[in-house]
Amino acid sequence: MFCFLCHITECSLCLDCRLLFVCEACVPFHKSKDGSSCYPFIVLKTETLGRHIVALRDIEELEIIAEDTPVAVGPLHVTDPMCLECHTRVGPDYFCECGFPMCDSVCAQGENHRKECQIYREAGVRVQIKDWDQDVGEYKAIMVLRLLCLDATSLTRVELLCDHVESLTENEKNVYTDTVVNFIRDKLKQKMWSKEQILRMVGIIRSNAFQMSAGKGKGNIRCLLPTLSTFNHSCMANTRVFERSDHSACVRAKFRINKGDEIFLRYTEASDGVIERREKIRDNWNFECICPRCLNVRDLCDALLCTKCGEKMLQQALGFTSPWACKACDNIISREEVKMIEKKIREKIERNTGDKIPYYENLMIEIKKEIHPNHHLMVVIWGLLIKAYGKMMRKQESEGKGWSLKNVRRQVKLCHDALVMLERIDPGFSEEASKILNEYTAPRLMVIQFDYQKGKMAVAEAKSQMELLLTDMRKSVKDSEIVMENTDMAGLKRAKALLNDGQLFYEEILNKNRLEKQKQKEI
């Protein structure tokens, strides 16, 4: 008998779900904020997996698995000058007594900044930022101090996390010791924390903190959410994390998860290739991913086209040194050459500053000789094109102009192909798939209406196509209402209006279908 989260033995059975034991301190992390439901997960620990999260029962698609609030939020190790209370980018206009630039006196006296400010002032250290137009290193100790100053309950949660200090290189250890450990102990005179304690906090931040934007006009920050940090990674994750404006997070199931299954987050992007994913994971989280996608050396998302025969080239074997080989001829290229090819294509993708649609359409034609049609960079271009076509269509609509049927059919194909690919590399719900679905429904409705009205589509086929479309339209509304938590009200309004148009057209088809059946009976 042990607590589902911290594993202490002084705990009791949860009388609501009766699925686990929980200690008094961990009750808030087992129940929803309003206390109406219990989260369906438990933390287990094994020698091979370490601490990991498992489903206590069957979990339905889009069900909330966990919610977490950061125990600490702070600036990056090196960052542009920002207010340490609200994280707004600031200039040399207002300074706190400790020397850090702040928005004003209200922020200077804020709760986020209070403890570190006191430490700096009592040590007689006044920060002086000299370069205001670039990233500066004066913020290196802030996030570490915020962890060290946590209350006992929060600190206990943080102490459960891995630090991977043993994986730091000697150079990294020396840099952190000089710029953070010694600075806190000697310059700030905080000898109550040992060198090992401080370096451990550095490791915990490196291995567990989430990096995100603090919002419009604000800088990038790190948030440490201990519950989320306990989830292991898979490039084929079965959950999706939704960030809220207060930096809290909600974890939902991307699809149905069976009782006893491990629950994963994804630390990388679905559109990242195998080289990028594996290097990010190794360099930032100190492990090698062994998910099904990373173990699949025949994944076409990483396939190039052979310059000798035009056939696909795939990774020859697992690992960080394996070359890409053509199965049809003897052509082999090194991993570094593959990285260079992909880098050049990424640079071309990011280079566009003009009319996006013709640029990306031409770029797709250009790179078809280098990469497989299902390559992950092709998926990136699809997404950019879909966004560009959607923006153009909404602009034309607002100006009272009609849509080109050619462009509409092109958008339908792009959206269809992108959704098929996303379901393969990132199955279940995803924000990217949801955005594409929103761009997909209106053009599909127009194509069905046009083909039906021109006699190119029979009543039965139109009925079948509309039933599929209405399912997607309802999903689009549900995504906006439930999953996106009504954060895009304009998009939700459009989705509901489109659903109404679709239902009216479907009724028209049903009426015609009934009339045709009635005529057949009379004959």
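Keep in mind the model is a prediction, meaning the values are calculated, not measured. Side-chain atoms are counted along with the backbone in the values below, which use heavy atoms only and exclude waters and symmetry mates. For reference, positions follow the sequence shown, starting with 1.
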**Q.** I65 and I257, any side-chain heavy atoms less than 4.5 Å apart
**A.** yes
Q.
Applying salt bridge (Lys or Arg N to Asp or Glu O under 4.0 Å) as the test, list every pair that has at least one member in residues 280-295; sequence neighbours left out.
A. D272-K280, E276-K280, R278-E288, R293-D299
Q: Could you check I53, L5, L56 and say which one makes a side-chain contact (heavy atoms from CB on, under 4.5 Å) with I42?
A: L56
Q: Determine the interplanar angle of the Y120 and F100 rings, folded into 0 to 90°, and report it as parallel if under 30°, tilted if 30 to 60°, perpendicular if over 60°.
A: perpendicular
(Q) Can you confirm if the NZ or CZ of R157 lies within 45° of the ring axis of F29 and under 6.0 Å from the centre of its six-membered ring? (A) yes
Q.
Are the side chains of T268 and H233 in contact, using a 4.5 Å heavy-atom criterion?
A. yes
Q.
Tell me if the CD atom of E467 is crowded by more than 12 foreign heavy atoms within 6.0 Å.
A. yes
Q: Hey, can you tell me if F41 and F231 have their rings parallel, tilted or perpendicular (30° and 60° cut-offs)?
A: tilted
**Q.** Check: E262/N232 side-chain N/O donor and acceptor closer than 3.5 Å
**A.** yes
(Q) Going by ring pair (Phe, Tyr, Trp, His ring centres under 6.0 Å), name the pairs with one or both residues in residues 206-230, residues two or more places apart or in two chains. (A) none
Q. Between T177 and N182, is any pair of side-chain heavy atoms under 4.5 Å apart?
A. yes
Q | Lys/Arg N to Asp/Glu carboxylate O, E61 vs R256, below 4.0 Å | A | no
Q. If you count the non-hydrogen atoms of other residues, nucleotides and ligands that lie under 6.0 Å from NZ in K254, is the total more than 12?
A. yes
Q) Which is it for F429 and F242 under the ring pair (Phe, Tyr, Trp, His ring centres under 6.0 Å) test, yes or no, and what are the steps along the way? A) CA-CA 12 Å; F429 174 86; F242 298 90; 5.6 Å; yes
Q. Do you see a donor-acceptor pair shorter than 3.5 Å between the side chains of S32 and D34?
A. yes
Q: List for me each residue that meets side chain to side chain donor-acceptor pair (under 3.5 Å) alongside E439, sequence neighbours excluded, and say none if there are none.
A: R394
Q | Q118: which of E122, R121, K115 passes side chain to side chain donor-acceptor pair (under 3.5 Å) | A | E122
Q. With a 4.0 Å cut-off, would you call R114 and E111 a salt bridge?
A. yes
Q) Is the closest basic N to carboxylate O distance between R240 and E432 below 4.0 Å? A) no
Q: Give me the ring orientation class for H77 and Y176: parallel if the planes are under 30° apart, tilted from 30 to 60°, perpendicular past 60°.
A: perpendicular
